[in-house]
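A short worksheet on the structure shown next.
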Amino acid sequence: MSTEQQRIDDAVAAAAAATTDAMNDSERYGVLYDHGLAWVNFPEGCGGLGVSTSLREYAAQQVAEAGLRTPPRGSNTIGFGMAAPTIVTYGTAEQKLILRDIYTLDTIFCQLFSEPGAGSDLAAVATRAVRNGDGFRVTGQKVWTSGAQNADMAILVARTDPSVPKHQGLSYFLLDMHAPGVEVRGLRQITGEAEFNEVFLTDVEVPEANLLGELGQGWKVANTTLNNERVAIGGGTPREGGMIGVVAGAWRANPEYRDPLLHDELVRLWVEVEVARMMGERLSQKLAAGQPGPEGSGAKLSFARNNHELTGLELQMTGVDGLRYDTYAMRRPSEYSMIGRIPGYRYLRAKGNSIEGGTSEIIRNIISERVLGLPGEHRVDKDVAFKDLPK
Amino acid sequence: MSTEQQRIDDAVAAAAAATTDAMNDSERYGVLYDHGLAWVNFPEGCGGLGVSTSLREYAAQQVAEAGLRTPPRGSNTIGFGMAAPTIVTYGTAEQKLILRDIYTLDTIFCQLFSEPGAGSDLAAVATRAVRNGDGFRVTGQKVWTSGAQNADMAILVARTDPSVPKHQGLSYFLLDMHAPGVEVRGLRQITGEAEFNEVFLTDVEVPEANLLGELGQGWKVANTTLNNERVAIGGGTPREGGMIGVVAGAWRANPEYRDPLLHDELVRLWVEVEVARMMGERLSQKLAAGQPGPEGSGAKLSFARNNHELTGLELQMTGVDGLRYDTYAMRRPSEYSMIGRIPGYRYLRAKGNSIEGGTSEIIRNIISERVLGLPGEHRVDKDVAFKDLPK
Amino acid sequence: MTDIDLLPREHEEDLRASVRRLFEAESSAEFVAGLYDDPTADTSKLDRAWAQELGLAALLVPEELGGAGASASEAAVVSEEIGRAVAPVRFLSSAVLATTLAVHLKAQSLLAGLTAGERFAAIAFPATAARIDSGIEIAVEGGSATVSGTVPGVIDGVGADDYLVVAGEGVDTVVVRVSAEHVQAEPFLGFDQSRQLADLSFTHAPAEVLGHGLDAAAAVRAAEILGRTVLAAEQAGLAQRAFDLTLEYVKGRRQFGRTIGSFQAVKHRLADLWLEVSQAGAAAIFAARTAAASEAGEELPDEAELCSLVAGSYASTAAVHAAEEAVQLHGGNGMTWEYPLHLYLKRAKADEQILGHSRRQRQQLAPLIDLPTA
Amino acid sequence: MTDIDLLPREHEEDLRASVRRLFEAESSAEFVAGLYDDPTADTSKLDRAWAQELGLAALLVPEELGGAGASASEAAVVSEEIGRAVAPVRFLSSAVLATTLAVHLKAQSLLAGLTAGERFAAIAFPATAARIDSGIEIAVEGGSATVSGTVPGVIDGVGADDYLVVAGEGVDTVVVRVSAEHVQAEPFLGFDQSRQLADLSFTHAPAEVLGHGLDAAAAVRAAEILGRTVLAAEQAGLAQRAFDLTLEYVKGRRQFGRTIGSFQAVKHRLADLWLEVSQAGAAAIFAARTAAASEAGEELPDEAELCSLVAGSYASTAAVHAAEEAVQLHGGNGMTWEYPLHLYLKRAKADEQILGHSRRQRQQLAPLIDLPTA
């Protein structure tokens, strides 16, 4: 056993001793945070022990074996997956205090990045943050914000200087979603529901203390966030995990769906998902062994394509049943699930898999440039002041 | 009957009267030429009657009905398809005299356009034509020249001025293939045979009189030629014409090839070929009615893809037979045929269908820019002197 | 195979223009999207407009029976426009499928109402079936019959005035008519709400026999051929419109300081898609003109059937592909309710299943082109 | 399913390096291309080199039988390198298929020659068959037998010292050995001349019975699993090499004043291809490690069979796709004899047929993953 493992074991023992049956969830999670077991690879004092990232799984096992409850990531996806890693990297001591509230679920985060005119091209954000005394006044429109209706805080990218080229005039902020001037509206999707929101910001006051990273460094900070978003759909997925399990299960359970003409396509997709799983498994083993590979970028591509094809096939194989829908009512779920709905919903929702979190076109650019070393696209917007670009 | 049709009928009657049983082929074809029946839409004196292009088919019918033999186009493909239309457009009176020899098959043409460094990018030709007294001295290497070993003349694109941007420094020549300094070598292909040639030009003297079009206008002249090459694979193709007939025929004739797992793929390809045929049919009817459509550019794309897939399927469905080859000996056929060889040859040869005469990538550029009106690719070579471009 | 004239015809282009005007006025994207929120919304005004005012209900009825005496060619033009507007109309179910059946069976009383556009009919068969066959039993006694059983997912199965039920095949084919009051129709929320489906139940429903035996089988076959042909035209029209919307979008939408239509990967995908959509259009018109020639006795029904299967199997996947690419190339906007793309996606994917998916249609095609499975 | 370790292992990377060195020296692209012009060219020096000098003939033979006691994992490394070099070697036929059969049947006298790399064996079955089955009859009488019939397209069917013939299935399975002098082998010019095929004829050929019944059936199945697994590794290696050559080419080749690798349509195709090739590589190593675990008794044969079919069906089409894209993206150069791409294209397309094409392999996979056809 390594020294680092020993430190984890000690922390787990101490946390277990400090936890009492009378504690509520927030208090329990707080104990874990205070003992450095929230994110063990984070520095001490930030919910971590400063140990190697590869020990995260080990720590999770020990915590679980000690019977200590951990917060469900899904309740604060943006907080855990994007805000926390960015704050720990760029935050001031004061800003880092919020890490505890993220972990205890007392502060739920959402993300204010994309705009109607800045989708794949995030650096084109037009939302303005104008100096206003000690702070900034923010005005603009954001879109594709999931969970905004339930969020306490947001990570925000806004333009602080339109007179310089677009990547240089951005800054990164923490924004109070309860502040005056923040308006959240559900954005209805093709499935009928509004999983995402539009967020309108009108003269929202943001104090200087909420600037994360330096003024004008927003692009660099945002990329830390995005790299954390696009982490590999890693190993550990069981065979037939995900959509293939749903479709193969329907085939098995319903002899009337077994159209022999669709059989080869179903098996082919089963193989596609399985080889993607095998690649994910190899990647995760390499990562665990400290040998990161380039495979991660590919996982999102095959995930999206396989989901497109599987849901299309499912709709086809279920015949008239596939043409029934459950509800197009505009609901506002805090997250989506492909399970428990009908094939038509899955078909429509899966279309978003190749768009959200980086379109498949952007992912292909990334693979070809960062993994394969091919030249970048011709850019006409790199050296021109943002205000002078055609919109 | 229109006046133009009447003129065709009169010419046919006169030609028939002037043709005697004792004449050899060259003399017979000469009679047709002299009566304006070689290319009826060409001007009088150039083998034509100056009538509408849409009357070509009518004229061909009348000539055939009169029992007059016409030269097989395949014996002088480049002469008929590329040299003649270019010469009639840009040629001097003296140059136009060669049209008769093209038609009578007394002068066989080949094409010296592509180079090792100038494939899709034809304007990058590096072969130099340097002023030398009254004429030019030509040096360079050409490639992908079919029929060079049997050719008397060539149409040639060469660079006369490397100090201007690349599209501006080209000129177009007629070159005597029997001149000193012309060396033809078979270029072996993946099928084993050498259907094409490399042609090495070393200080070949070309008289001033052989410059076609103006000095420096070679790009414009060459495009006339290429537009004639990329004419639509038009209508009139019978159902199951081409490769689909070969593969479907093999399926019907050999029960042992009928792998049920490949059946849907075969029928799908049958449909693909049939819809391409229907589109060609519509195009040809529109052309005949004087309503040219944009469909022509697509025909080459589907032709190539369908041939790729059909030949791949054929090799698969023929099992062990598909793995037998007839001969990889380096032969030098003057043209190729997909019929009469084995599936393996067809599979390999079909790979060229998406490369020769404009790669499928170039065709997609053409469709997206000329048909769909999308912007051209970013060009770095338009305004730089040819000699200063990176090679 | 005779020579099929594929050129546009002036009277058809006039027809196209008037249908397009109607849908622009009465079947906007907002109108169609509204049907998803209120499935019971009344579309009868729209149905009256095309059926009576434009007289399209009479399109396929011969002149001697009081109709317009037009052909599959004109019906295809109308259907292309329907696809272009994803219009929620009973054209395919009533004016094409049921009317063709009625014409071939010389069911004059039924036809009178249909021709006038005052009554609408639906054929009781599951929308995804490759053959028009109710799958339920019809007990015949002389000129009348009773029908019992359930048929799921019937196209325009709610709100019809007359229901045609087909059972059996070959010499055993029977076609009957049941009037609406004897049918229990349960409409359901559809994946594609621009074509309403319903589950039908018949309980000893009294029925009038319209035809039986080989004549009836021939009539059913004619309806199948025309149905597939007209549906292929709808799919081709839908595909073309989804493509056009996308082409327009990529020319205007800027990212990274350039229009996204200037990116070569987008250009090449659109070039391939253009080819596919164009081929679907050519196949659809080829099938329509061939069906017209066949109905006029100038071409064999086998050839019309072949062409309907070629066009049907090809256009159905082309429409889905065009709609899917449209959503993808519109990026996040393509995923919104606000943009009309979702209407195209839903209709295209549902249409793909109707009258048999493309693999099934290719199985039907195979014997016609002498490509046996084994 | 146990956890399968997928990380590179040091001894395997050493093995890879030595095999690569051998092929670089003895199996250059020129050497392989030369086999198309002279099909009778002697490749025995190359076969001696890997079999004897590198000792790879003994790779899959257990230590207690005098072999190296290595596993499918090491064999896959060798095979990846074979694919990378499109090397014309008898590794799959003799060192994998025949040797696995011999090991499982404990055919010690046969194995002695194979292990030493002094004798080579071939199994008489048509290269494109999904099962190892000669399709001819074996008349057994006690420990000896006679074989009669013809078997077309046998892998490495000419020049072997021993021929193994399998007939029957289940309890009726028989495996016999026929020595070369009793076999008439007619090699033929192959579409892919880097793997020589031959038609075999047996005329009352005397044979030694190596095994029969369920034990023999299990041995045949083990050979099939290992054969598919090792072939998948070859296909993955070939695909990777074709991809690498193409990536290098598009980075250097200029047209329109830019490298062709700077065109987005080319970039996106290569990104997709990279994913496919990477997945093929992952599936191949997964199958190899699983087969090794199965042979070691740590995993069920069913799981090894499943993984071999996943890798086999996927890698075979990935290799063809990679080779086809390589030819296309090399433009005219890809069509020449001078560039090595054609060697990859031919091997990949031939490999795709060997041991059953991917659709057939998926049919074999379906029952193992409980996806019945109907």
Side-chain angles (χ1 to χ4, degrees), chain B residues 114 116-121 123-124 143-144 166 187-192 194 196 259 261-262 265 308 312 315-330 342-345 347-349 351-352 354-356 359-362 364-365 377-382 384 389-391, chain D residues 33 35-37 39 126-129 151-155 188-193 195 197 199 253-260 262-266 269 320 323-324 327-339 341-343 345-346 349-350 352-354 356-360 362-363:
Chain B
S114 297
S120 291
D121 180 14
V143 76
W144 302 116
K166 66 190 206 185
L187 175 64
R188 196 175 187 187
Q189 279 169 276
I190 67 178
T191 54
F196 298 97
D259 181 341
L261 295 172
L262 302 179
E265 181 69 359
H308 281 196
L315 199 142
Q316 196 151 65
M317 83 189 198
T318 51
V320 162
D321 288 349
L323 297 181
R324 300 175 195 269
Y325 208 75
D326 49 1
T327 173
Y328 276 112
M330 179 166 160
I342 66 308
Y345 173 83
Y347 174 76
L348 295 172
R349 182 59 186 80
K351 292 284 165 278
S354 53
I355 297 172
E356 60 205 343
T359 65
S360 290
E361 290 72 32
I362 291 294
R364 289 192 193 95
N365 272 353
E377 288 304 297
H378 171 62
R379 294 293 290 261
V380 297
D381 59 340
K382 283 272 196 188
V384 181
L389 285 175
K391 300 297 182 313
Chain D
L35 298 174
Y36 287 84
D37 287 323
T128 56
V151 188
V154 173
I155 300 173
F188 55 80
L189 178 68
F191 168 77
D192 166 35
Q193 197 55 30
R195 188 177 336 258
L197 304 182
D199 298 328
R253 171 79 175 172
R254 283 179 176 277
Q255 293 281 274
F256 307 105
R258 301 164 48 176
T259 60
I260 59 175
S262 75
F263 285 98
Q264 198 189 35
V266 173
R269 275 163 69 170
V320 171
E324 290 185 339
V327 168
Q328 180 67 20
L329 292 174
H330 276 73
N333 286 330
M335 287 296 291
T336 64
W337 194 266
E338 194 184 332
Y339 275 69
L341 286 316
H342 69 108
L343 305 174
L345 182 67
K346 290 163 185 169
K349 190 67 186 172
E352 186 189 29
Q353 317 314 318
I354 288 183
H357 57 64
S358 53
R359 281 189 175 84
R360 173 119 27 247
R362 288 197 288 270
Q363 288 303 307

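Note that the structure is a prediction, hence the values are computed from the model and not measured. The chains referred to below are lettered A, B, ... by the order of the sequence lines, with proteins before strands, and numbering in each begins at 1.
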Salt bridge present between D:Asp37 and B:Arg188 (N-O < 4.0 angstrom) | yes
Can we say D:Arg360 and B:Asp259 salt-bridge, meaning some charged N sits less than 4.0 Å from an Asp/Glu carboxylate O?
-> yes
Kindly compute the distance separating NE2 (D:His357) from CG (B:Leu262), expressed to the nearest 0.5 Å.
-> 4.0 Å
Close side-chain approach of B:Glu265 and D:Arg359, heavy atoms under 4.5 Å | yes
Structural part of B:Arg379 lying under 4.5 Å from a heavy atom of chain D = side chain
To the nearest 0.5 Å, how far apart are CD in D:Gln255 and CD1 in B:Ile362?
-> 8.0 Å
If every non-hydrogen atom of D:Pro126 is compared with every non-hydrogen atom of B:Val320, which pair is closest and at what distance?
-> CB-CG2, 4.0 Å
Which one of B:Thr191, B:Val384, B:Leu315 has the most heavy-atom pairs closer than 4.5 Å to chain D?
-> B:Leu315
Distance in Å, B:Asp121 CG paired with D:Arg253 CZ, rounded so as to fall on 0.5 Å steps | 9.0 Å
Could you go step by step and tell me if B:Trp144 and D:Thr336 meet the side chain to side chain contact (heavy atoms under 4.5 Å, CB included) rule?
-> CA-CA 10 Å; B:Trp144 302 116; D:Thr336 64; 3.7 Å; yes
Against chain B, label D:Gln193 side chain, backbone, both or neither, depending on which of its atoms sit under 4.5 Å from a heavy atom there.
-> neither
Is chain D contacted by the side chain of B:Ala194, its backbone, both, or neither, given a heavy-atom distance below 4.5 Å?
-> neither
So what's closer than 4.5 Å to chain B heavy atoms on D:Phe263: side chain, backbone, both or neither?
-> side chain
Under 4.5 Å to a heavy atom of chain B? For D:Leu189 that would be both
Decide side chain to side chain contact (heavy atoms under 4.5 Å, CB included) for B:Glu377 and D:Phe256; before the verdict, give the C-alpha distance in whole Å, the side-chain angles of both, and the deciding distance to 0.1 Å.
-> CA-CA 10 Å; B:Glu377 288 304 297; D:Phe256 307 105; over 6 Å; no
Could you state the interatomic distance from CG (D:Leu341) to CD1 (B:Ile190), rounded to the nearest 0.5 Å?
-> 8.5 Å
Applying a strict 4.5 Å limit to non-hydrogen atoms, the region of D:Val266 in contact with chain B is neither
Given D:Leu345 and B:Tyr347, is the side chain to side chain contact (heavy atoms under 4.5 Å, CB included) satisfied, shown in steps?
-> CA-CA 10 Å; D:Leu345 182 67; B:Tyr347 174 76; 3.5 Å; yes
Heavy-atom distance under 4.5 Å to chain B: side chain of D:Ala265, backbone, both or neither?
-> neither
Honestly, the part of B:Pro116 sitting under 4.5 Å from a heavy atom of chain D is backbone
Just by distance, do the side chain of D:Arg258 and the backbone of B:His378 share a donor-acceptor pair under 3.5 Å?
-> yes
Side chain to side chain contact (heavy atoms under 4.5 Å, CB included) assessment of B:Tyr325 paired with D:Tyr36 | CA-CA 10 Å; B:Tyr325 208 75; D:Tyr36 287 84; over 6 Å; no
Quick one: side chain to side chain donor-acceptor pair (under 3.5 Å) partners of D:Gln328, sequence neighbours excluded?
-> B:Ser354, B:Glu361
Heavy-atom pairs under 4.5 Å with chain B, option from D:Pro152, D:Gly153, D:Gly190 with the top count = D:Gly190
Interchain contact, B:Lys166 with chain D, by part (heavy-atom threshold 4.5 Å) = side chain
Among B:Ala118, B:Ala123, B:Ala329, which has the most heavy-atom pairs under 4.5 Å with chain D?
-> B:Ala118
Highest number of heavy-atom pairs under 4.5 Å with chain B: which of D:Gln264, D:Glu338, D:Glu352, D:Glu324?
-> D:Glu324
For the side chain of D:Lys346 and the backbone of B:Leu348, is there at least one donor-acceptor N/O pair under 3.5 Å apart?
-> no
Examine whether an atom of B:Leu187 lies under 4.5 Å from a heavy atom of chain D, and if so say whether it belongs to the side chain, the backbone or both; otherwise answer neither.
-> side chain
From B:Thr318 atom OG1 to D:Phe191 atom CZ, the distance as rounded to the nearest 0.5 Å = 10.0 Å
Pairwise distance CG(D:Asp192) to CG(B:Leu323) - rounded to 0.5 angstrom = 8.0 Å
Within the distance-only criterion (no hydrogens, no angle test), does the side chain of D:Lys349 pair as donor or acceptor with the backbone N or O of B:Gly312 below 3.5 angstrom?
-> yes
